[in-house]
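In what follows, a single structure is set out as structure tokens and then discussed.
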Amino acid sequence: MGGQITRNALYDSLGGPFPSTAHRCHHKPKRCLPLHPCGGVPVSPLQFHPNAKGSQIVMDIAQRSVKRQASFCNAITFSNRPIALYEQVRLKITKKQCCWSGALRLGFTSKDPSRINPDSLPKYACPDLVSQSGFWAKALPEEFANEGNLISFWVDKKGRVFYRINDSSPMLFFSGVRTTEPLWALIDVYGLTRGVQLLAGKNIYILLILNT
């Protein structure tokens with residue numbers, strides 16, 4: 001699902017380098033401009049959707065923390081509102097369960113979670129949910145699924161999804177997300193990852209990379 005990254009392109013919202021497998025940009029950033037949410041939607045505090053969730057999910061009253069009760073699946077969750085392009089969805093892993101394999105599945109959906117019947121949710125985001133139209137997600141590498149790790153992910157206007165772990169450089173996760181309609185965050189608390197907490201977002205910026 002990865003897309004090719006070319007030079008002189010709009011890279012990521014933080015201006016950090018890409019991993020060695022991707023092309024590097026040798027042009028200096030001209031300036032940073034604030035990016036407003038699509039369609040003028042105000043950015044309210046991000047929470048988990050209270051109703052569209054897997055059968056094993058337990059949510060706190062503030063809708064900021066979720067935990068999987070048992071097993072290793074049936075723990076798909078969504079954000080309570082659409083996510084702006086370049087807006088970082090920031091998570092902290094609060095609980096790890098070492099008896100399983102696999103880790104968080106992260107991505108986006110163009111389906112309004114308020115219209116999703118929780119009883120219709122499959123056990124797994126990958127491959128079950130992503131095989132349906134309007135859902136995009138990928139598994140986080142297991143080595144990053146440690147308690148206390150801070151994970152941020154976001155999508156750019158070209159439908160490319162990036163992520164970063166703690167203070168690491170942003171990395172290309174996958175591509176192909178349809179950005180012509182509202183998108184909600186998709187978080188599957190899978191496998192090794194048993195609990196996550198949504199953290200307050202940061203300012204949204206778009207980095208303009210101009211030709212020299």
Side-chain angles (χ1 to χ4, degrees), residues 1-44 46 76 78-91 104-113 125-127 129-141 144 150-188 198-199 201-212:
M1 296 179 68
Q4 184 180 5
I5 304 174
T6 58
R7 296 175 62 183
N8 306 325
L10 174 65
Y11 276 4
D12 63 280
S13 59
L14 299 178
F18 288 96
S20 57
T21 55
H23 298 293
R24 293 185 180 274
C25 179
H26 301 287
H27 302 290
K28 294 182 179 179
K30 181 70 174 180
R31 56 179 174 157
C32 288
L33 296 175
L35 180 74
H36 299 288
C38 298
V41 178
V43 178
S44 58
L46 194 63
I76 294 172
F78 303 93
S79 62
N80 67 322
R81 63 161 173 81
I83 306 298
L85 298 180
Y86 300 92
E87 179 184 359
Q88 294 182 55
V89 180
R90 302 178 66 236
L91 300 168
L104 274 175
R105 274 75 167 128
L106 304 174
F108 295 92
T109 180
S110 60
K111 307 296 183 182
D112 184 348
C126 304
L129 203 56
V130 296
S131 66
Q132 303 177 30
S133 176
F135 295 93
W136 304 269
K138 188 176 178 179
L140 188 74
F144 298 144
L150 305 181
I151 302 162
S152 303
F153 69 100
W154 62 96
V155 61
D156 71 5
K157 69 177 183 180
K158 294 185 178 180
R160 300 176 300 186
V161 177
F162 301 90
Y163 76 102
R164 72 184 306 169
I165 307 298
N166 299 320
D167 294 323
S168 70
S169 297
M171 292 173 280
L172 178 63
F173 199 17
F174 62 92
S175 60
V177 176
R178 190 169 61 246
T179 60
T180 55
E181 50 195 319
L183 294 169
W184 287 259
L186 189 168
I187 301 161
D188 186 0
L198 276 172
L199 304 178
K202 292 183 178 180
N203 292 335
I204 307 168
Y205 287 96
I206 179 172
L207 180 65
L208 299 179
I209 308 288
L210 303 181
N211 295 340
T212 56

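Here the structure is a predicted model, which is why all the values come from computation and not from measurement.
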* Kindly say whether G134 contributes a backbone atom to a donor-acceptor pair with the side chain of T109 at under 3.5 angstrom? => yes

* Does the side-chain contact (heavy atoms from CB on, under 4.5 Å) test come out yes or no for W154 and E87, once each step is laid out? -> CA-CA 6 Å; W154 62 96; E87 179 184 359; 5.9 Å; no

* **Atom of A137, atom of C126 and distance for their closest heavy-atom approach** => O-SG, 3.7 Å

* Structure fact -> What one should report as the nearest heavy-atom pair of F153 and L186 is CZ-O, 4.3 Å

* To do: Would you check, one step at a time, whether the test side-chain contact (heavy atoms from CB on, under 4.5 Å) holds for V89 with L106?
  => CA-CA 10 Å; V89 180; L106 304 174; over 6 Å; no

* **CG on N80 to OG on S44, rounded to 0.5 Å** => 6.0 Å

* Determine, stepwise, if the pair V177 / V161 fulfils side-chain contact (heavy atoms from CB on, under 4.5 Å). => CA-CA 8 Å; V177 176; V161 177; 3.7 Å; yes

* Just by distance, do the side chain of T179 and the backbone of K157 share a donor-acceptor pair under 3.5 Å? -> yes

* To do: Working to the nearest 0.5 Å, report the span between CD1 of I151 and CG of N166.
  => 8.0 Å

* **D156 and L85, any side-chain heavy atoms less than 4.5 Å apart** => no

* Asked: Yes or no on side-chain contact (heavy atoms from CB on, under 4.5 Å) for R160 and F162, after CA distance, side-chain angles and deciding distance?
  -> CA-CA 7 Å; R160 300 176 300 186; F162 301 90; 3.9 Å; yes

* Under the ring-ring contact (aromatic ring centres under 6.0 Å, His included) test, residues paired with Y163 that sit two or more places apart -> F173

* Value rounded to 0.5 Å, distance of CE in M171 from CZ in R164 -> 9.0 Å

* Asked: Taking C-beta and beyond as the side chain, do L183 and S110 meet within less than 4.5 Å on heavy atoms?
  -> yes

* Structure fact -> One should read off an interatomic distance between F108 CZ and S79 OG, to the nearest 0.5 angstrom, of 8.5 Å

* To do: Check A125 against R105 and note the closest heavy-atom contact, atom names and distance.
  => CB-CB, 4.1 Å

* In Å, rounded to the nearest 0.5 Å, how long is the span from CG of L91 to CG of L150? -> 9.5 Å

* Inter- and intrachain pairs under salt bridge (charged side-chain N to carboxylate O under 4.0 Å, His left out), touching residues 169-181, at least two apart -> R178-E181

